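Take a look at the structure set out below.
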Amino acid sequence: MIRVQTEDFDLGSELKKMTHKQTTVGGLCSFVGLVRDMAGDAEISAMTLEHYPGMTEKALAEIDAEACERWPLQATLIIHRFGRLVPGDQIVLVAAASAHREAAFEACHFLIDWLKTKAPFWKLEATADGGKWVDARDSDQSAARRWLQTEKDKPTNKDAAE
Amino acid sequence: MIRVQTEDFDLGSELKKMTHKQTTVGGLCSFVGLVRDMAGDAEISAMTLEHYPGMTEKALAEIDAEACERWPLQATLIIHRFGRLVPGDQIVLVAAASAHREAAFEACHFLIDWLKTKAPFWKLEATADGGKWVDARDSDQSAARRWLQTEKDKPTNKDAAE
Amino acid sequence: MKVLYFASVRETIGIPEEEIELLDGMSTVRELMTWLKQKDGTYERAFAEDALVRVAVNQEYVTLQHPISKDDEIAFFPPVTGG
Amino acid sequence: MKVLYFASVRETIGIPEEEIELLDGMSTVRELMTWLKQKDGTYERAFAEDALVRVAVNQEYVTLQHPISKDDEIAFFPPVTGG
């Protein structure tokens, strides 16, 4: 499931819904991204997330579909906020539920790595010097590229039990 | 933090505590293991988890300390239940919070992989044919061995931002 | 064509979107960019570094060689930084 | 010594723990196992496959070569399956 919203989300109830009455799920992996109070040396007082309505949902749905094709998943979830956030606020939640823990971990990791480089969101950080658009990071690019490897080249074992 | 208990845990409030008023956490990765209703072809009606009181806590504390030494973590959590559980029940929660998402993912993955092969828990599955002790899996051994690689050999990039 | 701008590109150009008429010789994204740059210095600044401009046509990422047509929604923006 | 058994090992032996007196020639975990096996067929069965028995002395994993002494807590169990 995909959601793009300004409102905060309740982590516990979102995750609980994913496994509720699901007795085939052996593992649920989730990742939450939060606003930090520092960017390098600069103190952050707020962060404004801009996005491209329409394309965002489309891009997230494609990432989600790709994960469901690569791994045997019982449920997936992507929630991404936009608008003004302050340090400590939740920005994003991605989660994957599977019979097996490796699939849950890999799919969850994949979701956030691809989201970071493909979903049209932009962060504007408010510091004492004014607003500054966050630069894209090479490390995010290489994290995303990792998932371009073919399935059989992947270094991890996908058959480990939950 | 380490907890070994019979009672269920509330995923949302446990995770929320880990980042509460923490404005240096950029990413929180968590994994929940749940009881499935099937083991191979056999239907599972219940699962009883036995453990070694004392050694369990010690083993989990060592795994936790190892994670905190390997990655820059703001918070970690391991909760493992014992006693009788039924399909759909939560068995275990591991979580790691860090400024950076790769550290959070890797530490969380490490926690569950090492727990699986090092913490003295044993699962007894109740099926129509009676009780059956779950066999240890080779795939869990190889998942754990992955973390024996030295830091510099590790294939993933640890500097990707949250 | 509906042309959209986001983030730093929007900020530099000063508007979030505009209608642009498809003219002769404007058959690819690159040609549209060139035309915009010639029209006004703010576009020149917004598109100064080609390598830092991402383009979507009808909400799908495309390269500068991508063809455009009159009912397209074309968006220009910097590399994404969500998550 | 306090000797503990868990899971399938406990089930086969039939008791969760017992006190065993440290005797001459019982200086390692392996020697204790051998002594137990000779005492009773149930231990023989419980320890039938050495490779499937894990041992902890004072709540730390050890090999069968590990020395034992009279105040030790020694535990025998199958490979762990938690998580």
Side-chain angles (χ1 to χ4, degrees), chain A residues 10-16 18-39 44 86-93 95 97 99-102 104-106 108-109 112-113 116 134 137-144 146 155-162, chain B residues 10-16 18-39 44 86-93 95 97 99-102 104-106 108-109 112-113 116 134 137-144 146 155-162:
Chain A
D10 183 68
L11 183 55
S13 65
E14 294 299 343
L15 295 179
K16 220 164 282 174
M18 290 181 67
T19 60
H20 187 60
K21 296 194 175 170
Q22 280 268 22
T23 53
T24 57
V25 172
L28 169 66
C29 185
S30 72
F31 177 81
V32 181
L34 302 119
V35 181
R36 280 189 295 164
D37 58 1
M38 295 294 285
I44 302 298
V86 296
D89 278 356
Q90 303 182 113
I91 305 169
V92 62
L93 166 63
H100 303 289
R101 86 169 178 285
E102 287 302 323
F105 261 104
E106 292 190 2
C108 183
H109 208 158
I112 189 71
D113 282 351
K116 282 250 167 198
V134 172
R137 296 176 61 120
D138 289 343
S139 56
D140 286 331
Q141 288 295 331
S142 52
R146 177 169 43 171
T156 50
N157 57 325
K158 294 179 62 179
D159 52 348
E162 78 295 343
Chain B
D10 183 68
L11 183 55
S13 64
E14 295 298 343
L15 295 179
K16 220 164 280 174
M18 289 180 67
T19 59
H20 186 60
K21 296 196 175 168
Q22 281 267 22
T23 53
T24 57
V25 172
L28 169 66
C29 184
S30 73
F31 177 81
V32 181
L34 302 118
V35 181
R36 280 187 296 164
D37 58 1
M38 295 294 285
I44 302 298
V86 297
D89 277 356
Q90 303 183 114
I91 305 170
V92 63
L93 166 63
H100 303 288
R101 87 169 177 283
E102 288 302 323
F105 261 103
E106 292 191 0
C108 183
H109 208 159
I112 189 69
D113 282 351
K116 282 251 168 197
V134 173
R137 297 176 61 119
D138 289 344
S139 56
D140 286 331
Q141 288 295 330
S142 53
R146 177 172 39 172
T156 50
N157 58 325
K158 296 177 62 179
D159 52 346
E162 78 296 343

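None of these values were measured; they are calculated from a predicted model. Both backbone and side-chain heavy atoms feed into the values below; hydrogens, waters and symmetry mates do not.
To the nearest 0.5 Å, the span separating NE2 on A:H109 from NE2 on B:H109 amounts to 10.0 Å.
Side-chain contact between B:D140 and A:R101 is present, with heavy atoms from C-beta onward closer than 4.5 Å. In this structure, the side chains of B:H100 and A:R36 come closer than 4.5 Å at one or more pairs of heavy atoms.
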* Are B:E102 and A:D113 close enough, and set up right, to give a side-chain contact (heavy atoms from CB on, under 4.5 Å), and what steps lead you there? -> CA-CA 10 Å; B:E102 288 302 323; A:D113 282 351; 3.8 Å; yes
* Candidate pair B:F31 and A:C108, rule side-chain contact (heavy atoms from CB on, under 4.5 Å), full reasoning -> CA-CA 10 Å; B:F31 177 81; A:C108 183; over 6 Å; no
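With sequence neighbours left out, the side-chain contact (heavy atoms from CB on, under 4.5 Å) criterion links A:I91 to A:V35, A:M47, A:L49, A:H80, A:L85, A:K123.
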Side chains of residues 19-30 of chain A: which donor-acceptor pairs under 3.5 Å do they make with residues two or more places apart or in other chains?
from	atom 1	to	atom 2	distance (Å)
A:Q22	OE1	A:T24	OG1	3.4
A:T23	OG1	B:D37	OD2	2.7
A:S30	OG	B:S30	OG	2.7

